[in-house]
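Please read the structure below before turning to the comments.
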Amino acid sequence: MILERLTLSDFRAYRGRHVIELSPRVRYRAERPIILFGGLNGAGKTTLMLAIKLALYGRHALGMGTSKSAYHLFLRESVHASSALMIRSHEAFVEIDFVYGKLGDRSHYTVRRAWSTARRQVREELSVLQDGRPLALSAHACQGFLNELVPIGVSELFFFDGEKIAELAEDETGRALRDAIQQLLGLHLVERLRGDLRVYMLRQSANGARDDASDELDRIQAEYEDLLDAIDGDQQELVRAQEHLDSLVAEHDRLDLRLSERGGDWGVSRKSWRAKAAELTEALEQTERELRDELAGVYPLALASEALGPAFDAAAASLANRSQADANDLLASFAATLKDELDGSARGTIDRLLDAALKPVPSPETRLDFSHRALGRMEQAIRHAIPESDTRVRRLLQDIETTQGELDAITLRFEQAPDEEALAADIAKLAELARETREAAVDVAVRKRELKTRYRLAIDKARALRELHTARSAQEEIAQPLEYAERARRLLKDFRRAKAQRTISELEYEFGAAFQELARKEDLLANARIDPQNFTVKLLNREGRELRKSQLSAGEKQIYAIAMLDALARSSGRRLPVVIDTPLGRLDSQHRSNLVTSYFPRASHQVILLSTDVEVDESFYKTLSPFVSHAFEIRYDNAEQASCLHEGYFWRSRAWAAG
């Protein structure tokens with residue numbers, strides 16, 4: 001498929017008729033695939049991709065769940081209007097010309113979707129020309145033809161913008177990728193067919209039921225179908241409630257992270273830290289009091305610990321000498337008294353005995369007057385009291401140092417902490433988000449419980465229906481069709497599993513190749529494994545170990561999403577143009593360079609790139625230029641309140657682009 005031309009008439013920011021040539025041109029003997037559109041934010045880049053999708057898909061271009069009234073409101077608001085106009089237009093159209101090849105045959109198609117808003121009503125007309133001849137189909141049938149030609153589910157893999165990339169990059173639940181894979185494989189059609197076969201079986205069984213059981217069968221069948229409709233509605237409500245909860249959780253996490261970076265956690269816990277500081281101050285004062293008490297006791301003697309031992313020894317020796325001297329004096333006095341009572345010969349004997357009994361007492365250098373009790377107290381102090389006091393003092397000093405360090409750290413945090421008023425709004429918002437998250441979680445839980453109850457009721461109804469069908473399944477005229485239908489359902493189930501397995505293997509290979517081309521060498525992510533049952537993705541690093549998506553940087557998530565979209569597009573087996581809107585916003589320079597050199601030139605045979613001058617700047621334009629067919633600059637005139645296109649790209653002139 002090649003998009004040849006896009007025509008706009010009074011569509012959104014584009015006043016009047018604009019014809020935009022999209023066919024890749026041959027320059028320097030080579031066909032170049034890239035058609036580049038440049039414009040500042042709000043100029044009308046996204047409008048071009050919206051116009052292509054609107055022409056092809058109508059209401060479904062806004063989303064599969066868009067109501068008719070919402071679509072008509074969109075059409076009404078999409079007719080160009082500005083205060084600079086004297087007369088406002090009430091009509092608009094978008095038209096796309098393209099070539100589509102199938103089984104070797106190429107056909108040219110022109111699709112025009114026009115609408116008018118006169119008399120408060122919106123009237124829409126769709127026309128499709130094939131090789132210049134209108135299709136002999138109703139508008140509804142024409143839309144069905146376009147849906148079959150380029151399925152909208154597949155087009156999502158080729159027409160995407162920064163929001164689509166961000167959705168796939170930031171999705172933690174795997175829901176976005178699961179939807180893309182199911183659209184790629186057409187599994188929703190398989191499931192619909194299985195469901196239709198189930199309904200056929202139920203109806204056939206009901207038609208063959210006995211007359212006396214037909215009323216009951218009809219009643220239970222109606223109740224069962226009502227339950228299925230209710231379950232579908234409940235599931236949609238649950239999905240919306242879960243998405244709301246997920247968005248609240250994500251917003252709460254982002255605000256919490258921002259508060260933490262600004263010191264918000266300190267602001268939240270400021271009162272507790274003040275209490276902690278007061279507690280530490282009181283503990284410090286108590287420890288200092290205990291230290292003063294120790295210093296007032298025997299601890300000062302520990303400062304002279306080396307002199308205490310010799311002093312004790314000297315005191316003990318002095319006490320021993322004094323005791324010996326007292327004993328000598330007592331013995332001499334007793335001998336003198338005895339000699340007075342005896343005669344001369346006995347006195348000589350007493351003198352000899354006394355001289356032998358008396359022990360010499362050395363004359364001390366210093367005489368110390370110590371009693372035995374005082375000496376005992378001195379020994380107790382030296383051996384026990386002083387060492388224990390020294391140990392307690394050391395412990396108290398260590399406690400003081402530790403407590404003072406903690407107190408200094410808290411004091412420093414107080415000095416560096418942001419102002420409470422600066423954080424008050426964010427803290428209040430965080431508390432409000434927490435409350436809303438709790439309420440949303442309760443809502444999700446209630447909806448899950450209600451859905452579970454309906455499932456149980458539906459299972460009961462299905463069981464009752466099965467019993468009724470079993471009772472009449474012996475009727476031969478319907479037994480064989482039912483058997484064939486059941487076989488077909490089993491075959492579709494097997495087909496779904498085999499198709500998913502085969503396509504997912506190809507998708508994993510294509511993703512690995514695409515990611516390696518786009519990623520920097522130091523990027524963590526190397527490959528991905530996709531579960532064929534629930535389509536959840538397991539990311540792997542270069543060593544083959546699993547990575548959580550939260551471990552990837554914003555740029556790596558973007559590259560992951562683009563590589564996955566590229567892999568999905570290649571696995572689809574279709575050759576469609578690629579339309580990309582503002583894809584480089586969250587990438588660093590190296591990832592941007594890889595995307596410019598390795599992805600855009602090979603993304604497809606036709607690449608329509610919508611960019612700002614910041615995303616594709618002069619440097620990147622120079623790299624892209626060998627692959628650029630032609631370029632347009634979208635300029636918005638504030639005075640006219642309208643946009644127009646000029647061939648060229650920002651700093652490049654029209655003459656240069658034409659050459």
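Any value given below was found using the heavy atoms of this structure, including those in side chains, with hydrogens, waters and symmetry copies removed.
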### Message
Under the criterion salt bridge (Lys or Arg N to Asp or Glu O under 4.0 Å), I'd like the reasoning laid out for E31 against R25: C-alpha separation, chi angles, the key distance, then a yes or no.
### Response
CA-CA 6 Å; E31 187 171 275; R25 300 173 183 173; over 6 Å; no
### Shortest non-hydrogen contact between L40 and K45, atoms and distance
O-NZ, 3.4 Å
### CA sep, side-chain torsions, deciding dist, call: R113, E125, salt bridge (Lys or Arg N to Asp or Glu O under 4.0 Å)
CA-CA 6 Å; R113 193 177 300 272; E125 295 180 2; over 6 Å; no
### Query
Counting distance only, does the side-chain N/O of Y14 pair as donor-acceptor with the main-chain N or O of G44 below 3.5 Å?
yes
### Query
Can the ring centroids of Y649 and F632 be said to lie less than 6.0 angstrom from one another?
no
### Message
When you compare the side chain of L54 with that of W115, does any pair of heavy atoms fall below 4.5 Å?
### Response
yes
#### Entry: Within-4.5 Å side-chain heavy-atom neighbours: E506 and E510
yes
### Task
Tell me, with the steps shown, if F93 and L8 meet side chain to side chain contact (heavy atoms under 4.5 Å, CB included).
CA-CA 6 Å; F93 73 82; L8 309 178; over 6 Å; no
### Task
Return yes if some donor-acceptor pair links the side-chain N/O of D10 with the main-chain N/O of V79 below 3.5 Å, else return no.
no
### Query
Atom CG in L75, atom CD in E77: separation rounded to 0.5 Å?
10.0 Å
### Between Q143 and Y57: side-chain donor-acceptor atoms closer than 3.5 Å
no
### Task
Determine the minimum heavy-atom distance between P33 and P601, stating which atoms define it.
CG-O, 3.8 Å
### Task
Decide yes or no for I96 and T110: does some side-chain heavy atom of the first lie under 4.5 Å from some side-chain heavy atom of the second?
no
### Query
Are R5 and L22 side-chain neighbours, meaning at least one heavy-atom pair lies under 4.5 Å?
no
#### Entry: Close side-chain approach of L645 and H18, heavy atoms under 4.5 Å
yes
### Message
Is any side-chain heavy atom of P24 closer than 4.5 Å to one of I2?
### Response
yes
#### Entry: Spacing of Q606 atom CD and S23 atom OG [to the nearest 0.5 Å]
6.5 Å
#### Entry: Minimal non-hydrogen separation, T66 against Y71, with atom names
CG2-N, 4.1 Å
### Summary
Between L146 and L56 the two heavy atoms that sit nearest each other are CD1-O, 3.6 Å
### Stepwise side chain to side chain contact (heavy atoms under 4.5 Å, CB included) check, I608 with L3
CA-CA 10 Å; I608 299 174; L3 301 178; 3.9 Å; yes
### Task
Measure centre to centre between the rings of Y621 and F650, then say whether the value is under 6.0 Å.
no
### Message
To the nearest 0.5 Å, what is the distance between CD on E615 and CG on D581?
### Response
8.0 Å
### Query
Is there side-chain contact between L540 and R545, with at least one heavy-atom pair below 4.5 Å?
no
### Query
Going by atom types alone, do D232 and Q236 pair a side-chain donor with an acceptor below 3.5 Å?
no
### Query
Between R32 and F627, is NZ or CZ placed under 6.0 angstrom from the six-membered ring centre and within 45° of the ring axis?
no
### Query
Which atom pair, heavy atoms only, marks the closest approach of I634 to S643?
CG2-CB, 4.2 Å
### Message
Take a 6.0 Å sphere around CZ of R602 and say whether it holds more than 12 heavy atoms from other residues, nucleotides or ligands.
### Response
yes
### Query
Would you say the side-chain atoms of R112 pair up with the backbone N or O of T7, donor to acceptor, closer than 3.5 Å?
no
### Message
Strictly distance-based, threshold 3.5 Å: is any side-chain N or O of D131 a donor or acceptor partner for the main-chain N or O of H108?
### Response
yes
### Spacing of CZ belonging to F159 relative to CD1 belonging to I52, to within rounding of 0.5 Å
6.0 Å
### Message
Between R123 and S116, is the side chain to side chain contact (heavy atoms under 4.5 Å, CB included) condition met? List the steps.
### Response
CA-CA 5 Å; R123 297 184 60 184; S116 62; 3.8 Å; yes
### Task
Keeping the roles fixed (side chain from S604, backbone from L576), state whether a donor-acceptor pair exists under 3.5 Å.
yes
### Query
Does the S611 side chain pair with the main chain of V616, one donor and one acceptor, at a distance under 3.5 Å?
yes
### Query
Could you give the distance from CG (L62) to NZ (K53), rounded to the nearest 0.5 Å?
9.0 Å
### Task
Quick one: list whatever passes side-chain hydrogen bond (donor to acceptor under 3.5 Å, both in side chains) with R240, sequence neighbours left out.
E237
### Message
Between V99 and E4, is the side chain to side chain contact (heavy atoms under 4.5 Å, CB included) condition met? List the steps.
### Response
CA-CA 7 Å; V99 174; E4 293 186 326; 3.1 Å; yes
### Message
Is the ring pair Y100/Y109 parallel, tilted or perpendicular, if the boundaries are 30 and 60 degrees?
### Response
perpendicular
### Task
Please examine the side chains of V122 and F74, heavy atoms only from C-beta on, and report whether any two atoms are closer than 4.5 Å.
no
### Message
Working note: D637 + Q641, criterion side chain to side chain donor-acceptor pair (under 3.5 Å); need CA distance, chi angles, decisive distance, verdict.
### Response
CA-CA 6 Å; D637 190 330; Q641 298 180 14; over 6 Å; no
### E21 CD to L6 CG distance, which is reported to the nearest 0.5 Å
10.0 Å
### Summary
Between A440 and L245 the two heavy atoms that sit nearest each other are CB-CD1, 3.8 Å
### For A241, all residues meeting side chain to side chain contact (heavy atoms under 4.5 Å, CB included), sequence neighbours excluded
D443, V444, R447
